[in-house]
Amino acid sequence: MRKKEIYSKVIDYFETTMPIAETELQYNTPFELLVAVILSAQCTDKRVNMITPILLAHYPTAEAMANATPEIIFEYIKSVSYPNNKAKHLVGMAKMLIKDFNGEVPDTLEQLVKLPGVGRKTANVMQSVAFNKAAMAVDTHVFRVSHRIGLVPDSCTTPLATEKYLMKYMPEEILSKAHHWLILHGRYVCVARSPKCSECGLNGLCKFSLKPKIK
């Protein structure tokens, strides 16, 4: 099957089964989203959503968080993964926003990745979700699902290579939605250890489902 045909079938499937696909992180402003995305690294959105309401009630802006210390922020976020590093990143991020960006979250990849705790994936999430830009954030779910389905070849061995390949074949106008399709499919159906192939409408198209299973 040609690559464009595979993409067409996958897009049709998700458009039908998941017409609305959005982040599960709770936020009201770009700053709140940035805090949540930094906290979500190697942590569940559910856990982050339990933490951010209280944290952001006390530190709702970059200015407020910049005046805190990592030790104080740690007390609010200690139940997430790597709380020490994330506390330092949040305070450092807020201070840089005040110093270099007038307290506002920038909307370009080049500026976002300068912020502490912000890598390419986080920057792409911000561009896509907060600023409605055509960007494809590749996390572990997107990387796994896009390879299993066959959207990208085995030669895409890095998140960056996967991102570039997906952006080449995904129509620009649905990139943001496609990012969430792949994340949510990987989170609830195409899970890492025991994918629920019997529940998946892509069974028969997906490379993983067509592989002979070792008994």
| Nearest non-hydrogen partners of I98 and A66, listed with the distance | CG1-CB, 4.1 Å
| Under 3.5 Å, side chain of H147 to main-chain N/O of T157, donor-acceptor pair present? | no
| Could you walk me through whether Y13 and K9 pass the side chain to side chain contact (heavy atoms under 4.5 Å, CB included) check? | CA-CA 6 Å; Y13 170 73; K9 288 181 178 296; over 6 Å; no
| request: Answer yes or no: is there a donor N or O on one side and an acceptor on the other, between the side chain of K86 and the main chain of S81, under 3.5 Å? | output: yes
| Can you name the ring-ring contact (aromatic ring centres under 6.0 Å, His included) partners of F101, sequence neighbours left out? | none
| query | Counting N and O atoms only, with roles assigned by atom type, does the side chain of N203 sit under 3.5 Å from a partner on the main chain of C197, one being a donor and the other an acceptor? | reply | yes
| field | In one Ile/Leu/Val/Met/Phe/Trp/Tyr side-chain cluster, 4.5 Å: L109, F131 | value | no
| message | Could you measure the distance from the NZ atom of K3 to the OG atom of S8? Nearest 0.5 Å is fine. | response | 13.5 Å
| Can you find a side-chain donor-acceptor pair between S176 and K133 that sits under 3.5 Å? | no
| said: Taking the side chain as everything from C-beta on, heavy atoms only, tell me whether N124 gets closer than 4.5 Å to V138. | reply: no
| note | Nearest heavy-atom contact between A68 and I73 is CB-CD1, 3.9 Å
| task | Please indicate whether K99 has more than 12 foreign heavy atoms, meaning atoms of other residues, nucleotides or ligands, lying under 6.0 Å from its NZ. | result | no
| message | Quick check for you: to the nearest 0.5 Å, what is the distance between K46 atom NZ and L25 atom CG? | response | 14.5 Å
| task | Just say parallel, tilted or perpendicular for the rings of H58 and Y76, cut-offs at 30° and 60°. | result | tilted
| Residue list, salt bridge (charged side-chain N to carboxylate O under 4.0 Å, His left out) with E71, at least two apart or on another chain | none
| query | Counting only heavy atoms not in M18, do more than 12 sit closer than 6.0 Å to its CE atom? | reply | yes
| Stepwise, does the side chain to side chain contact (heavy atoms under 4.5 Å, CB included) test hold for V35 with Y27? | CA-CA 9 Å; V35 169; Y27 73 99; over 6 Å; no
| request: Give the C-alpha distance, both sets of side-chain angles, the deciding distance and a yes or no for ring-ring contact (aromatic ring centres under 6.0 Å, His included) between F14 and H185. | output: CA-CA 9 Å; F14 283 126; H185 190 64; 5.3 Å; yes
| query | Just how far is it from atom CE of M136 to atom CD of Q127, taken to the nearest 0.5 Å? | reply | 12.5 Å
| request: For atom CD of E173, decide whether the heavy atoms of other residues, nucleotides or ligands shown that lie under 6.0 angstrom number more than 12. | output: yes
| message | Please enumerate all residues that pass salt bridge (charged side-chain N to carboxylate O under 4.0 Å, His left out) together with R187, with sequence neighbours excluded. | response | E24, D45
| request: Establish whether Y188 and V145 are linked, either directly or via other cluster members, by ILVMFWY side-chain heavy-atom contacts under 4.5 Å. | output: yes
| Any salt bridge between K207 and D154, counting N to O under 4.0 Å? | yes
| request: Given side chain to side chain contact (heavy atoms under 4.5 Å, CB included), test L175 with S128 step by step and report yes or no. | output: CA-CA 8 Å; L175 270 174; S128 172; over 6 Å; no
| task | Determine the minimum heavy-atom distance between I51 and S79, stating which atoms define it. | result | CD1-OG, 3.3 Å
| task | Give, for atom NE2 of H180 and atom CD1 of I183, the distance between the pair rounded to the nearest 0.5 Å. | result | 6.5 Å
| request: Could you go through the side chain to side chain contact (heavy atoms under 4.5 Å, CB included) check for L55 and L39 one step at a time? | output: CA-CA 11 Å; L55 172 66; L39 289 173; 4.1 Å; yes
| Is it true that R120 and E163 make a salt bridge, defined as a side-chain N closer than 4.0 Å to a carboxylate O? | yes
| query | Can you find a pair of side-chain heavy atoms, one from R2 and one from I6, that are under 4.5 Å apart? | reply | no
| remark: When every non-hydrogen atom of C43 is compared with those of R47, the smallest separation belongs to SG-CG, 3.5 Å
| message | Nearest 0.5 Å, please: how far is OG1 in T17 from CG in L184? | response | 10.5 Å
| Donor-acceptor pair between T108 and Q111 side chains, under 3.5 angstrom | yes
| query | Do L112 and V105 touch side chain to side chain, with heavy atoms closer than 4.5 Å? | reply | yes
| said: Looking at every non-hydrogen atom in both residues, tell me the closest pair between V142 and A137 and how far apart they are. | reply: CG2-O, 3.6 Å
| message | I'd like to know whether CG of D12 has more than 12 heavy-atom contacts from other residues, nucleotides or ligands below 6.0 angstrom. | response | yes
| Side-chain heavy-atom pair F31, M65 within 4.5 angstrom cut-off | yes
| More than 12 foreign heavy atoms under 6.0 Å from CG of L160: is that the case here? | yes
| Any side-chain heavy atom of I174 within less than 4.5 Å of one from M170? | yes
| field | Pairwise side-chain contact, P60 with T29, heavy-atom cut-off 4.5 Å (strictly under) | value | no
| Looking at CG of L115 and CD1 of I38, how far apart are the two atoms once the value is rounded to the nearest 0.5 Å? | 7.0 Å
| said: I'd like to know if the side chain of K88 reaches the main chain of T69, judged simply by a donor and an acceptor atom lying under 3.5 Å from each other, with no hydrogens or angles considered. | reply: no
| Got a sec: does the CD of E63 have more than 12 other heavy atoms crowding it under 6.0 Å? | no
| field | Shortest non-hydrogen separation from L166 to S146 and the atoms involved | value | CD2-CB, 4.1 Å
| field | Any donor-acceptor pair under 3.5 Å from W181 side chain to A21 backbone | value | no
| request: Following the transitive rule for hydrophobic clusters with a side-chain heavy-atom cut-off under 4.5 Å over Ile, Leu, Val, Met, Phe, Trp and Tyr, establish whether V113 and V125 coincide in one cluster. | output: no
| Is there a chain of hydrophobic side chains (I, L, V, M, F, W, Y, each step under 4.5 Å between heavy atoms) that links Y7 to L205? | yes
| So do the side chains of V48 and Q26 get within less than 4.5 Å of each other, counting heavy atoms only? | no
| Should V118 and V37 count as side-chain neighbours, where that means a heavy-atom distance under 4.5 Å? | no
| task | State whether a side-chain donor-acceptor pair under 3.5 Å links R144 with H141. | result | yes
